[in-house]
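Here's the structure we're looking at; comments come further down.
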Amino acid sequence: MLLALLSGCLLFLAFPGSDLSVLAWIALIPLFFALRGQTFKKGFVLGFICGWSASLGCIRWIPETLYFITGSRLAGFIIWFLLPLYPAFFAGLFGGLAGFLRQPFVKGERERGGLSQLVYLVMLPSLWVALELIQARLLRGFPWMYHFLGYSQWNNLRVIQIADVTSFYGVSFLLVLFNLALFQLIVTRKIRPLIAALGVVFLCFSYGFWKMDVLAPREKTGGILVAILQANIDPLIKWDDKEKTGNFIARRYLDLCRLAVRGQPDLIVWTETAIPWPMAEGDDLLEAALNITQPAQAAHMIGMPAPVPWEPGKFYNAAFFVLPDGRITGQYNKVRLLSMIEQETMKLGFLRRFGFGENRKDYFPGWQQEVMETPLAKIGIAICNENLYPEFIRLPAKRGAEFLVVMSNDGWFRTDAPLVQHYMLNIFRAVENRRDIVAASNTGISGVIDAYGRTKDKTAMWQSAVLMGTVKKRNALSFYARFGDLFAYLCVVLSFLGVLGFLFQTRKNKRQGR
């Protein structure tokens, strides 16, 4: 149990917030030692402990955040302890299967000349990826528990370039592969698995060097000049009565517009629900902003609620494209709503007692993603937690989006760690789809990320600021944008074949009296 707990601690230290990403390359070795010779049941418990402790560390900011939202410290600690149960269950499945499936392969090692160890070396990372895929597909709208292993390498840009083929799942596969190869070297004293793993790692790094050090320097300069307005407005102020806070919000954004127009931007990007009252023709703040930015002839991308025509009292969490003359030519309605803040299902009585759902609009989900056709470019939009889902972000790129805009609020968080965790998702989404991304966050981090995951410019957290940056229009589709999670589904197939191989090997061992 201590070994499993040690792996859990090493894992959460590897993630954004601690940023010791190198630990991910060895973090699973203590767990593998703990799983030696274990039954499925004991392996499940050990994997569960590892997954629960890792997730608990990654979301250590939950109690303070929920206290800010609900005013209840009890609610914060209850949710903090309960949320990791979901990822811990899948880590438990991995632990149970990893320990249980290893036995026949180890027993057959001598007769198979080490082939069984190599089969196991491929099967186990495939199993990890398969469980990550299933975990991501089962539960939507509540992203706080997703801390997939590949994300730990967000700042290791050359290794994550393979994401344009495999998504982050390929990075997870690589890390588990290397951990397992080192473990096998320590236990069996055989170098063959480690040589195979190092060969795969070398190929992945070589691909990253080719992309970043050969292809990237050949690109032409220039593009669309974008200004991001990071207002740093407390969400409780934002959702207070408009008569009380409207002037404060208006002054903040008008001041930012005056700063932005000095740079002569082509596009000014506001954040999610930057204007918290519903969109209406002749909105005073919007007209004043257009008057200020008129000399630059800048268009605006603005986040604000939009009334649902057939559902009085309900709103979309929307983003609007506004031309310099004030005409609204594009609207995106958020599709995947956020639990406890936006989803109506969280209006349950016992959650209301803790304050969930208060101080918010009654949001209604959009129907589908649409690429905005604008005079500047074809733009794909994502709002808040939607950038968590790689299969969701790839759709705009596949449908012709030339760059992406991700708008978020993030003011609900009261510590730095979740802001970094949210921002780093944009790095993976940029690499996967080979699209520049404009990340606009109310409290930061806001930034301009190129198609190789490099942050060209970014803001500090918890500050009001204007960020200028250039994005390029891109049309070529990456392998991932074309074919989606093909690699992850291949891992599901390999996991299934691995289980069949386990059954065959077990039966063979029994026949031979071993």
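Bear in mind that the values here come from a model prediction, so they are computed numbers and not experimental data.
Here Ile437 contributes atom CD1 and Ile393 contributes atom CD1; the two are 7.0 Å apart, rounded to the nearest 0.5 Å. Distance check, rounded to the nearest 0.5 Å: NE2 of His422 to CG of Leu388 gives 7.5 Å. Atom CG in Asn156 sits 10.0 Å away from atom CD in Gln161 (nearest 0.5 Å). Taking CG of Leu28 as the reference point, atom CG of Leu6 lies at 11.0 Å (rounded to 0.5 Å). Between atom SG of residue Cys50 and atom CG of residue Leu5 there is a gap of 8.5 Å, rounded to the nearest 0.5 Å. Between Phe148 atom CZ and Leu133 atom CG the span is 8.5 Å, to the nearest 0.5 Å.
Leu175 places none of its side-chain heavy atoms less than 4.5 Å from the side chain of Trp128. Glu391 is listed as a side-chain neighbour of Tyr480, based on a closest heavy-atom distance under 4.5 Å. Looking at heavy atoms from C-beta onward, Trp462 lies in side-chain contact with Leu419 at the 4.5 angstrom threshold. Residues Phe33 and Val187 have side chains in contact (heavy-atom distance under 4.5 Å, counting atoms from C-beta outward). Between Tyr120 and Leu180 the shortest side-chain heavy-atom distance falls below 4.5 Å. Taking 4.5 Å as the limit, some side-chain heavy atom of Glu219 sits within range of a side-chain heavy atom of Tyr452. Side-chain contact check for Val335 versus Tyr389: every heavy-atom pair is 4.5 Å or farther apart. With a 4.5 Å cut-off on side-chain heavy atoms, Lys334 and Tyr363 do not count as touching.
The shortest heavy-atom contact between Ala27 and Leu10 is CB-CB, 3.7 Å. Closest approach of Ile381 and Ala319 over heavy atoms only: CG2-CB, 4.1 Å. Closest approach of Ala34 to Leu46, counting heavy atoms only: O-CD1, 3.3 Å. Val471 approaches Val448 most closely through the heavy-atom pair CG1-CG1, 3.7 Å. For the residue pair Pro193 and Lys190, the shortest heavy atom distance occurs at CD-O, 3.6 Å. Listed here is the closest heavy atom pair of Leu121 and Ala181: CD1-N, 3.8 Å.
Between the side chain of Ser446 and the main chain of Ser441, a donor-acceptor pair closer than 3.5 Å is present. Checked by atom type and distance alone, the side chain of Glu386 never pairs as donor or acceptor with a backbone atom of Phe392 at under 3.5 Å. Remark: side-chain polar atoms of Arg435 are paired, donor with acceptor, to backbone N or O of Ala401 under 3.5 angstrom. Here the side chain of Arg429 pairs a donor or acceptor atom with the backbone of Asn387 at under 3.5 angstrom. Of the possible polar contacts, one joining the Gln153 side chain to the Ser21 backbone as a donor-acceptor pair under 3.5 Å is found. Using a distance-only test at 3.5 Å, with no hydrogens or angles considered, no donor-acceptor pair links the side chain of Ser7 to the main chain of Ala4. With hydrogens and angles ignored, the 3.5 Å screen pairs no side-chain donor or acceptor of Glu272 with any backbone N or O of Gly303. Counting only distance, with no hydrogens or angles, the side chain of Arg73 and the backbone of Pro63 share no donor-acceptor pair below 3.5 Å. Without hydrogens or angle criteria, Ser408 side chain to Asp410 main chain gives no donor-acceptor distance under 3.5 Å. Formation of a donor-acceptor pair under 3.5 Å by the Asn179 side chain with backbone atoms of Ala24 is found in this model.
Under a cut-off of 6.0 angstrom, the local environment of CZ in Arg454 is crowded, with over 12 non-hydrogen atoms contributed by other residues, nucleotides or ligands. Atom NZ of Lys456 sits in a crowded spot, with more than 12 heavy atoms from other residues, nucleotides or ligands closer than 6.0 Å. More than 12 heavy atoms of other residues, nucleotides or ligands sit less than 6.0 Å from atom NZ of Lys472.
In terms of the salt bridge (charged side-chain N to carboxylate O under 4.0 Å, His left out) criterion, residue partners of Asp164 (sequence neighbours excluded) are, by chain and number, Lys211, Arg434. Phe483 is linked by a ring pair (Phe, Tyr, Trp, His ring centres under 6.0 Å) to Phe479, counting only residues two or more places apart in sequence or in another chain. Gln421 meets the side chain to side chain donor-acceptor pair (under 3.5 Å) test with Trp61; sequence neighbours excluded. For the side chain to side chain donor-acceptor pair (under 3.5 Å) test, no residue two or more places apart in sequence or in another chain qualifies with Trp80.
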Show me, pair by pair, the donor-acceptor contacts under 3.5 angstrom made by side chains of residues 490-500, not counting sequence neighbours?
{"unit_1": "Ser495", "atom_1": "OG", "unit_2": "Ser126", "atom_2": "O", "d": "3.1"}
{"unit_1": "Ser495", "atom_1": "OG", "unit_2": "Leu127", "atom_2": "N", "d": "3.1"}
{"unit_1": "Ser495", "atom_1": "OG", "unit_2": "Cys491", "atom_2": "O", "d": "2.8"}

Distance-only donor-acceptor pairs under 3.5 Å for side chains of residues 165-174, two or more places apart:
{"unit_1": "Thr166", "atom_1": "OG1", "unit_2": "Ile162", "atom_2": "O", "d": "3.2"}
{"unit_1": "Thr166", "atom_1": "OG1", "unit_2": "Gly170", "atom_2": "N", "d": "3.3"}
{"unit_1": "Ser167", "atom_1": "OG", "unit_2": "Glu432", "atom_2": "OE2", "d": "2.9"}
{"unit_1": "Ser172", "atom_1": "OG", "unit_2": "Glu132", "atom_2": "OE1", "d": "3.0"}
{"unit_1": "Ser172", "atom_1": "OG", "unit_2": "Glu132", "atom_2": "OE2", "d": "3.4"}
{"unit_1": "Ser172", "atom_1": "OG", "unit_2": "Gly150", "atom_2": "N", "d": "2.8"}

What verdict does the ring-ring contact (aromatic ring centres under 6.0 Å, His included) test give for Phe15 and Tyr151, after you've listed the backbone C-alpha separation in whole Å, the side-chain angles of each residue and the deciding distance to 0.1 Å? CA-CA 7 Å; Phe15 279 93; Tyr151 285 142; 7.9 Å; no
Going through the distances and angles, do Ile449 and Tyr423 end up as a side-chain contact (heavy atoms from CB on, under 4.5 Å)? CA-CA 10 Å; Ile449 304 166; Tyr423 178 79; 3.4 Å; yes
Is there a side-chain contact (heavy atoms from CB on, under 4.5 Å) between Thr271 and Asn409? Walk through the geometry before answering. CA-CA 7 Å; Thr271 59; Asn409 184 359; over 6 Å; no
Chi angles and distances behind the side-chain contact (heavy atoms from CB on, under 4.5 Å) call for Gln230, Asn442: CA-CA 5 Å; Gln230 179 177 299; Asn442 172 36; 5.9 Å; no
Run the side-chain contact (heavy atoms from CB on, under 4.5 Å) test on Thr459 and Ile228 for me, step by step, so that the C-alpha distance in whole Å, both residues' side-chain angles and the decisive distance to 0.1 Å come before the verdict. CA-CA 9 Å; Thr459 63; Ile228 301 174; over 6 Å; no
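Under the 30°/60° scheme for interplanar angles, the aromatic rings of Tyr86 and Phe90 are found to stand perpendicular. Note on ring orientation: taking the six-membered ring where Trp is involved, the planes of Phe364 and Trp367 are perpendicular (angle over 60°, cut-offs 30° and 60°). Between Phe81 and Trp52, the two ring planes are tilted [angle within 30° to 60°].
Ion pairing of Asp436 with Arg474 is present here, as a side-chain N (NZ or NE/NH1/NH2) and a carboxylate O approach within less than 4.0 Å.
With a 6.0 Å cutoff to the six-membered ring centre and a 45° limit on the axis angle, Arg158 does not count as a cation-pi contact of Phe205.
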